[in-house]
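Side chains are part of it too, since the values below use all heavy atoms of this structure and drop only hydrogens, waters and symmetry mates. The chain is numbered in sequence order, starting from 1.
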Amino acid sequence: MSTSFIFFSGKGGVGKTSMACATAVHYADEGKRTLIVTTDPASNLADAFEQPIGHQITPIDGVANLWAMEIDPDRATAEYQERALAPLRALFPPEVLRVMEEQLSSPCTAEVAAFDRFTDFLTAPDFDVVIFDTAPTGHTLRLLELPAEWSHTIEAASAGSGQTCIGPAAAIQEAKAKYDRALAAMRDPAATTFVFVLQPEATPIRETHRAIGELARLGIGTHQLMVNGVLPPEEARTDFLRQRVAMQAGYLAQIARELPLPARQMPLLDGEIKGVHRLQQVAAMLYGGEGRPIATSHRTDETCAPAAFWQRLKLGEAVVPRLVPANGHGRVVFFAGKGGVGKTAVSCLTAVWLARQGYRTLLLTTDPAAHLGDVLEQPVGDEAAPVQGVANLWAARIDAKAAATDYKARILADARAQGRSEQSLRAMAEELDSPCTEEMAAFDRFIDFASQELGTTSGRYDLIVFDTAPTGHTLRLLELPIDWSQQLSVKVYASVDSAAADDVAKARFGQVIETMRNPSLSTFAFVMYPESTPIVEAERAMQELRTVGIPTSLVVANLVLPPEECTGDFVCRRWQMQEKYLTEMQRRFQTPLLAVPLLSHEVRGLDVLTELGERIYGETLRTIRDQIGERRTEYASQTNN
């Protein structure tokens, strides 16, 4: 029997991992040899199955016929480098091998190495079903574009200099054949199914539309839907919950109308989806079995009155100094975290609030899904432009493809001005014409904003509020300049002044990295909702940032149930879960914790952003509003003069 491949995709935070794991358990319990693989740099498979997994095929305890693997980008890179170089060691002298090794140390090698490992599983005769739990949609689309782009890159390089930024084309011709086979498998509707997981909200619906269109452009079809997090109507016993049920009902009708695909629904549960037993219950709900799983607790109180706990979360006096500029310098505020935790909403409401206090604020994103425009309800383009309706606020999104075009043109123009030969220029152009150039170009564009336009006395902006991509990709972005001297192997072809050019690049990026390391100039805020997986992922990311000298200054707990709505068994059980993890967040993270309440409606539009910003910052920060008012008066005075 041939292997079936099932890809789970969708916006961050919609429950892809839970739905993919439950599906894997379902097929394994049916007797099919099943493998689940994650391509997400911030993997959560081990958290879902509650056992170590890692970068090897690992049997899942308690489920016969089920194995899992978490692709480790670093180990995949090392394996890829060795596979590429091993056949060449006996053929070339050491000095040539050193050049090849340097080429294979470029930042983009990690991306293609992870994909190279991923494609190994698209020929999996040992398994009946292979399930891919992917990174959030924008990065998944990027991953799926790789086989076509790398095949083109390798082909072009073979006809030219023979060089690519992932090594000599001759060494990776076998990879080209593998990428071609991978793309063919993904395009085969008899072999591959794409399951889009979404929640009944506007942004996941829009992203699903976009992803289906992008996959069609790649020749990939065969789609199904899983609509997750549907609030059970019978639990709508308060006005707050009735409003949320009504909101979801409208979006469920929109999904049925606009996305007429085979679909399954998964209700919102009163606890987390973790552990084999819980996953088996969810699998039964999804694929036809007994009804809803048992409650996670037997609490019967009609009210759970968390108001006292909320009071303990009000640490405003410690929060605002970490958000505003100090001593005449600008500040960069990074909002990071797992996909779907609400980084964009928190970034937007914070930027709106800061702008309304008189700070010239730029709201910026590098997330390929780019939801700023959805939340602000107005277009956001590649160039910083005023946000209509809020003085002192500008917004922009860094389009990686557009940034790469400009970046390539600038690199080649600089090389031409240095008098490089036409042969060198052709070789550089071939290396720059690779998919991974986009990653470096996006960071380069951010550096432009951070190094040239920030500063309360000399820059255009007092603050940059940075809505980042999901955690694993954000870490990759921030680590890029640490090894910037190995940015591209084009320096193999450089003239004698290449070392000087390298020094200039390192100085430019080093300045920004030092800013990131200085808590007086930068704030890294991790956003999470009070559940295990986002907390674990944030802690891992914080530890990794600490290794490059970047501290975390703030933690934001999003989607916290408001105290006045915590009545009834279902909501009280969810609050009981949240209270447990809020307490854990306070224990784990030695930094102020800011709580953002769950609303009865989506966080979209300037009115909602303004109201919510005032609620979480204004109500808790009265003691320093006079200071902010003085700052606003100072700006007004400077403007008038």
Side-chain angles (χ1 to χ4, degrees), residues 12-13 42 44 47 272 306 309-324 331-351 353-354 463 465-472 474-475 478 516-563 575 577-598 603 612-613 615-621 624:
N44 303 124
D47 302 328
E272 291 182 280
F309 194 93
W310 264 94
Q311 284 299 120
R312 286 160 47 201
L313 297 178
K314 292 188 174 182
L315 300 173
E317 291 183 44
V319 170
V320 162
R322 298 167 189 245
L323 297 178
V324 299
R331 182 181 289 274
V332 184
V333 181
F334 295 85
F335 284 103
K338 182 181 183 296
V341 294
K343 295 186 301 292
T344 300
V346 174
S347 299
C348 287
L349 70 88
T350 302
W353 188 81
L354 288 165
L463 284 148
V465 177
F466 200 0
D467 169 37
T468 73
T471 312
T474 297
L475 291 172
L478 297 178
M516 293 177 185
R517 289 169 171 160
N518 186 343
S520 297
L521 303 176
S522 291
T523 295
F524 275 82
F526 276 87
V527 183
M528 61 200 83
Y529 45 78
E531 294 186 19
S532 173
T533 299
I535 292 172
V536 170
E537 183 167 321
E539 187 171 40
R540 290 173 187 151
M542 290 179 195
Q543 291 169 351
E544 190 163 347
L545 284 178
R546 276 200 296 269
T547 65
V548 293
I550 298 175
T552 298
S553 304
L554 179 64
V555 168
V556 181
N558 193 25
L559 307 178
V560 180
L561 285 164
W575 167 254
M577 175 191 72
Q578 289 196 344
E579 184 179 24
K580 167 189 168 185
Y581 286 116
L582 287 166
T583 301
E584 185 173 336
M585 289 164 67
Q586 290 180 314
R587 179 183 60 80
R588 283 195 188 201
F589 307 126
Q590 301 301 309
T591 185
L593 172 64
L594 181 70
V596 179
L598 175 71
V603 180
L612 186 55
R615 180 174 175 181
I616 68 168
Y617 294 121
E619 290 181 1
T620 62
L621 305 175
I624 65 166

Original post:
Of all heavy-atom pairs between Gln586 and Leu593, which one has the smallest distance, and what is that distance?
Top reply: CG-CD2, 3.5 Å
Original post:
When rounded to the nearest 0.5 angstrom, what distance separates OH in Tyr617 from OG1 in Thr350?
Top reply: 2.5 Å
**OP:** Nearest 0.5 Å please: distance from the CD atom of Glu579 over to the CD atom of Glu584.
**Re:** 13.0 Å
**OP:** For residues Met577 and Lys580, determine if any side-chain heavy atom of one lies less than 4.5 Å from a side-chain heavy atom of the other.
**Re:** no
**OP:** Kindly give the heavy-atom pair with the smallest separation between Ala595 and Val560, and that separation in Å.
**Re:** CB-CG2, 4.4 Å
**OP:** Check the angle between the aromatic planes of Phe524 and Phe334 and answer parallel, tilted or perpendicular using the 30° and 60° thresholds.
**Re:** parallel
Original post:
Tell me, do Ser522 and Asn518 make a side-chain contact under 4.5 Å, heavy atoms counted?
Top reply: no
Original post:
Are Val333 and Ser553 close enough that some pair of their side-chain heavy atoms sits under 4.5 Å apart?
Top reply: no
Original post:
In Å and rounded to the nearest 0.5 Å, what is the OH to CD1 distance from Tyr581 to Ile535?
Top reply: 7.0 Å
Subject >> Check: Leu612 and Trp353 side chains under 4.5 Å, non-hydrogen atoms >> reply: no
**OP:** To the nearest 0.5 angstrom, please state how far the CZ atom of Arg546 sits from the CD atom of Gln543.
**Re:** 5.5 Å
Subject >> Non-hydrogen atoms of Gln578 and Leu559 that approach each other most closely >> reply: NE2-O, 3.1 Å
Subject >> Under 3.5 Å: donor-acceptor pair, side chain of Arg331, backbone of Pro519 >> reply: yes
**OP:** Please examine the side chains of Leu598 and Tyr529, heavy atoms only from C-beta on, and report whether any two atoms are closer than 4.5 Å.
**Re:** no
Original post:
How far apart are the closest heavy atoms of Gly549 and Arg517, and which atoms are they?
Top reply: O-CG, 3.2 Å
Original post:
What are the two closest non-hydrogen atoms of Gly613 and Leu349, and how far apart are they?
Top reply: CA-CD1, 4.0 Å
Original post:
Side chains of Leu323 and Leu554: does their closest heavy-atom pair fall under 4.5 Å?
Top reply: yes
Original post:
Got a donor-acceptor contact below 3.5 angstrom from the Glu272 side chain to the Ser532 backbone?
Top reply: yes
Original post:
Phe526 versus Val341: any side-chain heavy-atom pair under 4.5 Å?
Top reply: no
Original post:
For the side chain of Thr523 and the backbone of Arg322, is there at least one donor-acceptor N/O pair under 3.5 Å apart?
Top reply: yes
Original post:
Hey, what do you get for CG (Leu594) to CD1 (Ile616), rounding to the nearest 0.5 Å?
Top reply: 4.5 Å
Original post:
Between Met528 and Val555, is any pair of side-chain heavy atoms under 4.5 Å apart?
Top reply: yes
Original post:
If you take all heavy atoms of Ser347 and Phe466, which pair is closest and at what distance?
Top reply: OG-O, 4.3 Å
